[in-house]
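Notes follow once the structure below has been shown.
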Amino acid sequence: PTSDRITFDLIFKMQAPLRFQGKITHVAALDGTTMKAGINIEGSGHSDAKKSVQDRLNSLLEMIRTDKN
């Protein structure tokens, strides 16, 4: 790795992907093939939706929390 920045898509089932940019804060190896990364989200990508990417993420997370209860 030569950069501590990453751009990634967060995908929820049956939803358009949400694009984010972030700074990698830490990385840990879980086993020989899997790594876990902590990411500080610093921005979001373009959205065609009326809601901002952050608002869409908050709505989807709230929906998951509600479904678990």
| query | Distance from R65 atom CZ to N58 atom CG, nearest 0.5 Å? | reply | 7.5 Å
| task | Applying side-chain hydrogen bond (donor to acceptor under 3.5 Å, both in side chains), name anything that partners D55, two or more places apart in sequence or on another chain. | result | S52
| Taking atom CD1 of I41 and atom CG of L57, what is their separation to the nearest 0.5 Å? | 6.5 Å
| request: Calculate, to the nearest 0.5 Å, the distance between atoms OG1 and CE belonging to T66 and M63 respectively. | output: 9.0 Å
| field | Candidate pair L10 and L60, rule side-chain contact (heavy atoms from CB on, under 4.5 Å), full reasoning | value | CA-CA 11 Å; L10 185 57; L60 292 165; over 6 Å; no
| field | For I6, all residues meeting side chain to side chain contact (heavy atoms under 4.5 Å, CB included), sequence neighbours excluded | value | F8, I24, I39
For residues 27-38, which side-chain donor-acceptor pairs fall under 3.5 Å, sequence neighbours excluded?
{"unit_1": "D31", "atom_1": "OD1", "unit_2": "T33", "atom_2": "N", "d": "2.8"}
{"unit_1": "D31", "atom_1": "OD1", "unit_2": "T33", "atom_2": "OG1", "d": "3.2"}
{"unit_1": "D31", "atom_1": "OD1", "unit_2": "T34", "atom_2": "N", "d": "2.9"}
{"unit_1": "D31", "atom_1": "OD1", "unit_2": "T34", "atom_2": "OG1", "d": "3.4"}

| request: Answer yes if L18 and I64 sit in the same cluster of Ile, Leu, Val, Met, Phe, Trp and Tyr residues linked by side chain heavy atoms under 4.5 Å apart, and no otherwise. | output: yes
| said: Give me each pair satisfying salt bridge (Lys or Arg N to Asp or Glu O under 4.0 Å) with a member in residues 2-12, each pair once, sequence neighbours excluded. | reply: D4-K23, R5-E42, D9-R19
